Amino acid sequence: MAEAADFQGTSASPARRWLRRTGALLAGAPLLTGLLQLPAATSADASGQESAQAASGAGSVSVAVDSLTPSAPTEGDTVSVTGTVTNNGKQPVTDAHVDLRVGPSLDTRSSIDALAKKSDDVQGPTGKAVGGKYTEKFSRLTPGVAEPFNISVPVDELDLGQNGVYQLAVALSGETAAQPWDQVLGVQRTFLPWQPEEAGTKTKTTFLWPLVSDVHMTAETGSNEQQTPVFSNDDLAEEIAPGGRLDQMVSLGKGLDITWVIDPDLLASVDAMTKNYEVRGEEGATTSGRSQAVAKQWLSELQQAVAGKEVVALPFGDPDLASLAHNGTTVTGSLSHLKEATDAVDNTVPTILHTKPSTDFAWPVDGAVDPSIMKVATSAGADKVIARSDSLQDDLSYTPSAARPIGGGTTAVVADSRMSTAFQGDLTRASASTLAVQRFLAQSLTLGLQTGKQRSVVVAPQRTPSVNQAQAMAEALGTLQGGNWSESQDLTAAAKAKPDPAANRKVPPASAYPSSLRKQELPRAAFEQIARTRDDLDNFKVILTDESRVVTPFGRAMNREMSTSWRGRGVAAVGYRDAVESYLDGLIDGVKLIEKSETKLSGRSATIPVTVQNNLVQGVEHLELRLTSQNPTRLKIGGNAYEEQPVAVNGGHSQSVKFTTSANANGRAEVVAQLYTEDGQKYGAPVTFDVKVTEVTPTVMLVIGGGVLLLVLAGFRMYTQRKRAAAREAAGETDDDVDNPVAAPQNPEAPGDRHKDESEAGSRADAPQQPSDPAPDTAAESADPSGTGERVDR
């Protein structure tokens, strides 16, 4: 501004020159201040303190910690950290180096949660760098290229203090062309549990190891004696095959101190695969299953793994207790399925695993409970419910023991939510798995350091862990069981532990149930469809000679229709229920009445046959066939409006049942045939047909009767004549030797007599006849048919 005020071509005045110099000095002051402070910032960064310069390059390099061993070091150990660093920026990073930095101990469980949420935030404190020879250097990090690192540090060099959980950060520092000074460009924080000596009071830890899968078996079975089962797919074979999810669950759990939680449906399905089984394809056709050897091997390994361990059996099919409580209790008969599913345990787990399981525990989805869930969970005999601490919450500064009585003889076993959810999410990356393991161990140790009192904690992970999740669980649990602050305990022992008097024992209201879980529940329509299937099955089984062939597979299928595994798979759940219902309808239709066309009835009475067809492989009985006349004034059945007859038909056969009818008038009468069970329930569809009645008059009946009488008399006369002729021949007599005072028999061999007879016959024929005259004699009727055109009076 001073320069603009000067006139062009003249010199500036002394006052104006002084103002220009002063303004220049003031403008350059901030830049000079930044240059003077740069070394200080670099020095602070080197000492592990946050710097403004580091913040400017936040997130340009990602750091992944793929392994940290040992997970819980003790005195004399060497901590080894491996992983990769990847330059995500557009400029190369030069003079890069990776080092370990130890932060302060984390005293609370919430501080562990907070750090886990910002584990890669470069703006947060990273702690003091170990430095020195325990640094790995990179002269250049090319954009988009991942470089591995491996750092091993003796635990003594980490300068750990008292027992606790410490933040362990892996930081990458370097320079870029745009920011040519040393700065933190990427960091990954994790947790380092430090308990070098045995704890005076150890936490008792119960870890549930679930063996649960989706629904695989259908209600359909083969018609052979073995009733070959049909699977909806062959996914279960992949799960139990070497390397599969369930194969890993068994092999990993074999060496751990765990409580096995098993769905009997899984055992029954695998056991069925050890024999002949069919798999339904996408187009509906079935093919023979070929995983018998794999199924036998998996069951054998499981039997060895559970030997001597506690086994908790869920009800058959792992029914969704929350769905049943919220949507099924108002549907008649729904709770009975839960009781049947619990009773089915005795026929599966002991016979397959050769061990007696506990059926005292119920496990709602994610341990979320409300009063209705508690009521349903204990309705089938269980008196202990596995809940979770994020549902049955406590307002305490420490974590209480898991067991707590909630009244009515029921015990809520409250699993720790932080430890139970530690292995959820995508753990396919080694870095995510490592972080989950370290976080789990950190939560466990911090819990144990809260008080000097011994407590029992329960860990209830997700029902169907993936292979990566299961591997992380096994790694963490193995470290925990080999550590110095925890000892293993069975679930039954945890439920019997002395409860904390300050722990919350009030079940949360229904309004507190998570909406995200409620959206996944089976709807009321599902339970109504199951009820229809059950009613049809009850009506069907009473007619069977061997009802177990139908009741057992369909009973288990209805248990599977209520499975927890249908959550989030609503379309598949509907498809499964429809398939079960459709298959049962097909079996019911296998016993039916054959359609009849119009029947003609001539006369006052007749017999009408009705055919019952049985397409089942087994016989049916206890059926009644009722034939009813819709117009009894015209046509009666057995003397009444209807008649009933018992029906029994062998498998693959048909049986005709005959009914006697009587007609009172001409015309059509509608008749209905209907099958009934012995308890009066209609079975199958009715068959309706018309009967056309033609009444016969008394005059016609007399004519017909007279004609029949004449035929009988003529036959009797012929018989007597032949008998007399045979007697004469036997005595050697002729017609001439017989003295007949009435008229001598004619001899066909005497011509004179023949002419005389013809003359007399002619004279009689010519004489006029009077009404009172006797009827003329006629020759004996011929048995031969009448000639063509011959008129025959009848």
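The residues of the chain are indexed from 1 along the displayed sequence. What you see is a predicted model; the values in this text were computed from it and never measured.
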[X] and [Y]: side-chain donor and acceptor closer than 3.5 Å?
X    : Y    : result
Q471 : E475 : no
S431 : Q188 : no
D113 : S110 : no
S466 : N468 : no

I'd like to know if the side chain of [X] reaches the main chain of [Y], judged simply by a donor and an acceptor atom lying under 3.5 Å from each other, with no hydrogens or angles considered.
X    : Y    : answer
Q462 : T421 : no
E136 : N150 : yes
D318 : T564 : no
Q520 : R569 : no
Q481 : G478 : no
Y277 : S291 : yes
D394 : N504 : yes
S323 : L522 : yes
R455 : L447 : yes
K118 : R189 : no

Shortest non-hydrogen contact between [X] and [Y], atoms and distance:
X    : Y    : result
G186 : V122 : CA-CG1, 3.8 Å
A362 : L321 : CB-CD1, 3.8 Å
L236 : S213 : CD1-OG, 4.3 Å
L392 : P508 : CD1-CD, 3.5 Å

Give, for atom [atom1] of [X] and atom [atom2] of [Y], the distance between the pair rounded to the nearest 0.5 Å.
X    : Y    : atom1 : atom2 : result
Q469 : T428 : CD    : OG1   : 9.5 Å
T399 : R418 : OG1   : CZ    : 6.5 Å
I373 : Y513 : CD1   : OH    : 4.5 Å
L480 : T205 : CG    : OG1   : 5.0 Å
N559 : D265 : CG    : CG    : 8.5 Å
I112 : R439 : CD1   : CZ    : 8.5 Å

Counting heavy atoms not belonging to R518, are there more than 12 under 6.0 Å from its CZ?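 Yes, the 6.0 Å shell around CZ holds more than 12 heavy atoms from other groups.
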Under the side-chain contact (heavy atoms from CB on, under 4.5 Å) criterion, do N163 and N484 qualify, and how do the steps go? CA-CA 11 Å; N163 299 338; N484 295 327; over 6 Å; no
Close side-chain approach of [X] and [Y], heavy atoms under 4.5 Å:
X    : Y    : result
P193 : S71  : no
V81  : T190 : no
D320 : M562 : no
M249 : E239 : no
V102 : L192 : no
W298 : M273 : no
L68  : V79  : yes
R388 : S417 : yes

Given D366 and R567, is the salt bridge (Lys or Arg N to Asp or Glu O under 4.0 Å) satisfied, shown in steps? CA-CA 12 Å; D366 288 354; R567 281 184 171 255; over 6 Å; no
Give the ring-plane orientation class for F423 versus F440, where under 30° counts as parallel, over 60° as perpendicular and anything between as tilted.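 Rings of F423 and F440: tilted, as their planes differ by 30° to 60°.
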Describe, in one word, how the ring planes of W260 and W209 are oriented to each other, choosing from parallel (under 30°), tilted (30 to 60°) and perpendicular (over 60°).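 Geometry flag for W209 against W260: perpendicular rings.
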Would you call R463 and D263 a salt bridge, taking side-chain N to carboxylate O under 4.0 Å as the test?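 Not counted as a salt bridge, because no side-chain N and carboxylate O are separated by less than 4.0 Å.
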